[in-house]
Amino acid sequence: MTSHDLRSQLASLTTEAFRPELAEIDRLPTLDIARLMNGEDAAVPTAVARRLPQISAAIDAMAERMARGGRLVYAGAGTAGRLGVLDASECPPTFNTDPAQVVGLIAGGPTAMVTSVEGAEDSKELARQDLDALKLTAHDTVVGISASGRTPYAIGAVEHARTVGALTIGLACNEHSALAAAAEHGIEVVVGPELITGSTRLKAGTAQKLVLNMLSTITMIRLGKTYGNLMVDVRASNDKLRARSRRIVSLATGAGDDEIERALAESGGEVKNAILSLLAGVDGPTATRLLEESGGHLRAALAHAPR
């Protein structure tokens, strides 16, 4: 593609549109700029709401695959790639997932998290290589992320994933995008032109973060990683999370501090096991067995606990 062709393509994208009414924004008082920016951001959740049916359908398909042992793989470049890596990295401490279960791929590798890797986003072949390194299978889900919806790395990831039978989701912020068209589940959250022309880390980035929050969080709810709205699979890896673990057990059971400490000690610090032990009146090993038989779903384990 020539430089002229690329300029023409970018000019056609909503996310790249120039807004003449903001041409003198740099001359405004700081508070006025902040008000403008805040007003722009307020429109993002509404744009996401318009795509909830597509988001929900993608989640149900993804949860079904992950329940059978599949992985969730995000693939993107620049801001989009960083958001995918961020969401993936937060799943182990929040939901006690294996680090290999939710993976974030960014064009150019880890270096691209903090600095630009020239040309990486333009390579479909690089996406194929990154996915091949993961030994992608038909059980997995690949989410291509691109504000423009034209980034070759994200499109290449989705196209290659389809060749191995993996579930594919394309998240973009422009209508009629190549990325959404390449995926089984296309999600196009159209947030409109940015405050700063073409700076898609703003509204488009916020929209992508909101959708990624939904994809991972609701999938984990479907997989039994929560009990109600409590993070019962939280990994207590520091003092704050250990305190949160105790609070979660307290909220779920109403038990006293001594009972909570005893249940957590018997369960090796596993919140879900401690809750089951307290609510069902069973010992630690029995709680572990019931959860294993129930696929890790606390409500199902409670239903099958001895009365």
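The shown structure was predicted, so the numbers you read here are calculated from the model rather than taken from an experiment. We're numbering straight along the sequence, starting at 1. Values below: all heavy atoms of this structure, side chains included; hydrogens, waters and symmetry mates excluded.
- For the residue pair T286 / D283, a side-chain donor-acceptor distance below 3.5 Å is found, with atom types taken as modelled.
- Taking the charged nitrogens against the carboxylate oxygens, R246 and E261 do have a contact shorter than 4.0 Å, which makes a salt bridge.
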Please lay out, stage by stage, how M214 and V48 fare under the test side-chain contact (heavy atoms from CB on, under 4.5 Å).
-> CA-CA 10 Å; M214 288 184 178; V48 173; 4.1 Å; yes
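- Results of the side chain to side chain contact (heavy atoms under 4.5 Å, CB included) test with E175 over V189, L13, V190, T14 single out V190 as the only residue that passes.
- A 6.0 Å sphere centred on CG of D258 holds no more than 12 heavy atoms belonging to other residues, nucleotides or ligands.
- Salt-bridge check for K272 with E270: failed, with every basic side-chain N at 4.0 Å or more from each acidic carboxylate O.
- Atom CZ of R242 sits in a crowded spot, with more than 12 heavy atoms from other residues, nucleotides or ligands closer than 6.0 Å.
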Stepwise, does the salt bridge (charged side-chain N to carboxylate O under 4.0 Å, His left out) test hold for E266 with R262?
-> CA-CA 6 Å; E266 287 185 3; R262 184 166 58 253; 5.0 Å; no
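- Salt-bridge formation is detected for the pair R289/E293: a Lys NZ or Arg NE/NH1/NH2 atom is positioned less than 4.0 Å from an Asp or Glu carboxylate oxygen.
- In the displayed structure, R68 atom CZ is contacted under 6.0 Å by more than 12 heavy atoms of other residues, nucleotides or ligands.
- Salt-bridge check for R128 with D132: passed, with a basic side-chain N closer than 4.0 Å to an acidic carboxylate O.
- A salt bridge does not link R162 to E159: none of the charged nitrogens lies less than 4.0 Å from a carboxylate oxygen.
- Classification of E40 and R35 as a salt-bridged pair fails, no side-chain N sitting under 4.0 Å from a carboxylate O.
- For the residue pair S199/E194, the side-chain donor-acceptor check at 3.5 Å is not satisfied.
- Of the possible polar contacts, none joining the N273 side chain to the G284 backbone as a donor-acceptor pair under 3.5 Å is found.
- Here the rule is side chain to side chain contact (heavy atoms under 4.5 Å, CB included) with L215, and of V102, D87, V143 only V143 fits it.
- Environment of NE2 in H139: sparse, with no more than 12 heavy atoms of neighbouring residues, nucleotides or ligands closer than 6.0 Å.
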